[in-house]
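Quick notes on the structure that follows.
Whatever order the structure lists ligands and atoms in, that order sets their numbers, starting from 1.
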Amino acid sequence: MAEIDARIENIIQDVIRRNPGESEFHQAVTEVAETLAPVLRKYPHYAEHKIIERICEPERQIIFRVPWQDDSGEVHINRGFRVGFNSALGPYKGGLRFHRSVNLGIVKFLGFEQVFKNAITGMPIGGAKGGADFDPRGRSDDEVMRFCQSFMTELYRHLGEFTDVPAGDIGVGAREIGYLFGQYKRITNRYESGVLTGKNPSWGGSLVRKEATGYGVVYFVEEMLKARGETIEGKTCVVSGSGNVAIYAIEKLEALGARVVACSDSDGVVHDPRGIRLDTVQRIKEVERGRISAYADEHPQAAYQPAGNIWSIPCEVALPCATQNELDEASARALIANGCIAVGEGANMPTTPGGVRALLEAGVAYGPGKAANAGGVATSALEMQQNASRDAWTFEYTEQRLHEIMKDIHRHCHETAEEFASPGNHVVGSNILGFLRVAEAMVAFGVI
Ligand code: NDP
Ligand code: 2IT
């Protein structure tokens with residue numbers, strides 16, 4: 001018993017020592033490894049094969065220079081990344097993030113999470129992540145296009161529908177995917193639809209992919225509430241962020257009869273007690289690419305708080321849909337004190353370890369990102385299926401598939417948590433479920 005715990009502690013310390021300064025990566029590995037002792041007890045051969053040690057080491061890491069010129073002709077140099085973390089279950093799959101904070105440690109934490117998330121979906125996809133420290137804020141369409149073209153001019157040689165299939169993440173949406181696909185097509189002389197997902201449906205994208213992460217997190221929360229005899233209808237909700245995931249989470253919450261009273265961006269929080277007007281948020285953020293502060297200018301009943309803490313606003317359901325470590329222990333305690341009963345993570349690792357502990361101890365239904373936000377990548381896998389068969393499904397059919405996948409994810413996480421003596425704990429359920437699926441394939445493939 002103590003031997004297995006010591007082994008896991010050693011693995012964590014080794015990761016910290018061999019990846020200095022990558023605090024988000026350390027955090028992601030620690031959070032998973034800490035839950036795996038019961039697995040090694042039940043299946044000792046995973047220890048013999050050093051599966052945890054191997055899973056913590058990315059299969060490959062690519063770092064490259066991305067030079068580009070702005071509209072005035074000035075040259076800029078950014079750093080591009082692609083980490084192919086694990087391909088035991090399928091081609092590398094995961095998003096690209098364009099944000100000034102991107103560095104290797106961030107990409108590795110995201111890639112590591114993606115390995116487990118993608119396994120949990122049950123789809124044939126490995127785990128990866130990439131991006132660049134490019135800041136799209138304030139850049140013209142032409143500048144974004146030149147950046148994407150330069151980025152793809154290096155990355156294309158590492159991609160392919162059977163090798164590595166990127167998609168969007170923070171700062172990468174349909175516009176960027178279009179420019180990236182155009183450059184890939186031009187360089188390779190191939191219309192290889194399946195090389196990127198999140199494409200516009202008019203040229204090979206899947207309907208529902210745009211909505212999938214946000215809708216999926218709400219479906220997951222619905223299942224968590226159902227297990228407690230509750231529904232989403234009539235609940236007061238708070239959703240952080242106002243990007244792709246947040247917008248479609250708000251849309252689905254409202255469709256199911258909830259009231260969303262607050263959302264945010266990296267500058268501040270808007271609180272509208274009558275219910276957030278999604279059409280206004282979409283116009284400001286998706287069309288005008290503006291700031292959420294503009295919402296309060298249009299709706300006088302709403303309050304805008306620069307640098308405000310969205311988690312201090314009372315709610316029953318909270319969905320962090322912006323970025324990592326945005327919900328700390330103090331915020332978790334504020335949510336609990338205000339009567340919050342469920343937290344579903346649309347973002348990747350938005351809750352700090354102290355925050356997670358507080359939520360679990362208080363008995364809040366907590367859906368970790370690996371499970372709760374898996375609807376986006378699952379629908380990417382549905383996009384790959386449509387591309388491979390040169391087919392295009394209807395919105396209704398694709399959404400039904402997404403809904404079933406999210407219900408299955410919830411059920412399997414729930415069952416796995418029970419099997420490993422942590423009933424109701426979706427952290428344990430999702431980590432172990434993802435691990436077992438990847439581990440079985442890795443053992444089958446031998447030492448590679
Ligand atoms: P977007 O770029 O569309 O939106 C991101 C939102 O989060 C914006 O409102 C942005 O504010 C805010 N935000 C970003 N960085 C920070 C920061 N450092 N501090 C505060 N706020 C910040 O990205 P997505 O909606 O696609 O992604 C949101 C989260 O969901 C990320 O964690 C991503 O990894 C995760 N995710 C995304 C999936 C997808 O399919 N897109 C799938 C699964 C998870 P501002 O406008 O000011 O920049
Ligand atoms: O974090 C994620 O799951 C994503 N950004 C989506 C990845 C994908 O390949 O659709």
**Study point:** Shortest protein heavy-atom distance from atom 9 (O) of ligand 2, along with the residue and atom involved
**Key:** Lys93 NZ, 2.6 Å
Exercise for review: First locate atom NZ of Lys117, then atom CD1 of Ile125, and finally report the distance between them rounded to the nearest 0.5 Å.
Suggested key: 9.5 Å
Check your understanding: So, is Val165 polar-close to ligand 2, with some N/O to N/O distance under 3.5 Å?
Key -> no
Check your understanding: Should the heavy atoms of other residues, nucleotides or ligands under 6.0 Å from CZ of Arg157 be counted, would the total exceed 12?
Key -> yes
Check your understanding: Quick one: nearest non-hydrogen protein atom to atom 7 (C) of ligand 2, plus distance?
Key -> Gly95 N, 3.5 Å
Review point. Do Arg137 and Ser266 have side-chain N/O donor and acceptor atoms under 3.5 Å apart?
Key: yes
Check your understanding: At a non-hydrogen distance cut-off of under 4.0 Å, which region of Thr379 contacts ligand 2 (side chain, backbone, both, or neither)?
Key -> neither
**Study point:** Minimum-distance protein heavy atom relative to atom 4 (C) of ligand 2
**Key:** Lys129 NZ, 3.6 Å
**Study point:** Within the protein, residues bringing a heavy atom under 4.0 Å of ligand 1, chain by chain
**Key:** Arg97, His99, Lys117, Arg137, Asp169, Ile170, Gly171, Arg209, Thr213, Gly241, Ser242, Gly243, Asn244, Val245, Ser264, Asp265, Ser266, Lys285, Arg291, Cys321, Ala322, Thr323, Gly346, Ala347, Asn348, Asn373
**Study point:** For Arg333, side chain to side chain contact (heavy atoms under 4.5 Å, CB included) partners two or more places apart
**Key:** Glu329, Ala358
Review point. Would you find more than 12 non-hydrogen atoms of other residues, nucleotides or ligands less than 6.0 Å from Phe162 atom CZ?
Key: no
Practice item. Check ligand 2 against Gly94 and write out every atom of the ligand that is under 4.0 Å from a heavy-atom position of the residue. Key: 7 (C), 9 (O)
Revision key, fill the gap. One finds that the ligand 2 atoms under 4.0 Å from a non-hydrogen atom of Ala167 are 8 (C), 9 (O), 10 (O)
Study note, to complete from the structure: Checking Glu399, Glu211, Glu222 against Lys252 for salt bridge (charged side-chain N to carboxylate O under 4.0 Å, His left out), the one that qualifies is Glu399
Check your understanding: Are Asp265 and Arg291 ion-paired here, with the side-chain N under 4.0 Å from a carboxylate O?
Key -> yes
Practice item. Check if Arg97 has a non-hydrogen atom at a distance under 4.0 Å from any atom of ligand 2. Key: no
Point to revise | Set of side-chain hydrogen bond (donor to acceptor under 3.5 Å, both in side chains) partners for Thr121, sequence neighbours left out | key: none
Check your understanding: Which of the atoms in ligand 2, numbered in the order shown and given with their element, are less than 4.0 Å from a heavy-atom of Gly168?
Key -> 4 (C), 5 (N), 6 (C)
Review point. Roughly how far apart are Lys285 NZ and Leu278 CG, rounded to 0.5 Å?
Key: 13.0 Å
Check your understanding: Would you say Glu113 contacts ligand 2, with heavy atoms under 4.0 Å as the rule?
Key -> no
**Study point:** Between NZ on residue Lys407 and CD1 on residue Ile409, distance to nearest 0.5 Å
**Key:** 13.0 Å
Review point. At what distance, to the nearest 0.5 angstrom, does CG of Asn86 lie from CE of Met442?
Key: 5.5 Å
Point to revise | Contact check, Pro166 vs ligand 2, heavy-atom distance below 4.0 Å | key: no
Practice item. Note the single closest protein heavy atom to atom 6 (C) of ligand 2, along with its residue, its atom name and the distance in Å. Key: Arg209 NH2, 3.5 Å
**Study point:** Results of side-chain hydrogen bond (donor to acceptor under 3.5 Å, both in side chains) for Glu251 - residues two or more places apart only
**Key:** Tyr215
Check your understanding: Any N or O of Asn373 that comes nearer than 3.5 Å to an N or O of ligand 2?
Key -> no
**Study point:** Those atoms of ligand 2 less than 4.0 Å from some heavy atom in Ser380
**Key:** 8 (C), 9 (O), 10 (O)
Check your understanding: Should Glu286 and Lys210 count as an ion pair when the cut-off is N to O under 4.0 Å?
Key -> no
Practice item. Could you check atom 3 (O) of ligand 2 against the protein and tell me its nearest heavy-atom contact, residue, atom and distance included? Key: Lys117 NZ, 2.7 Å
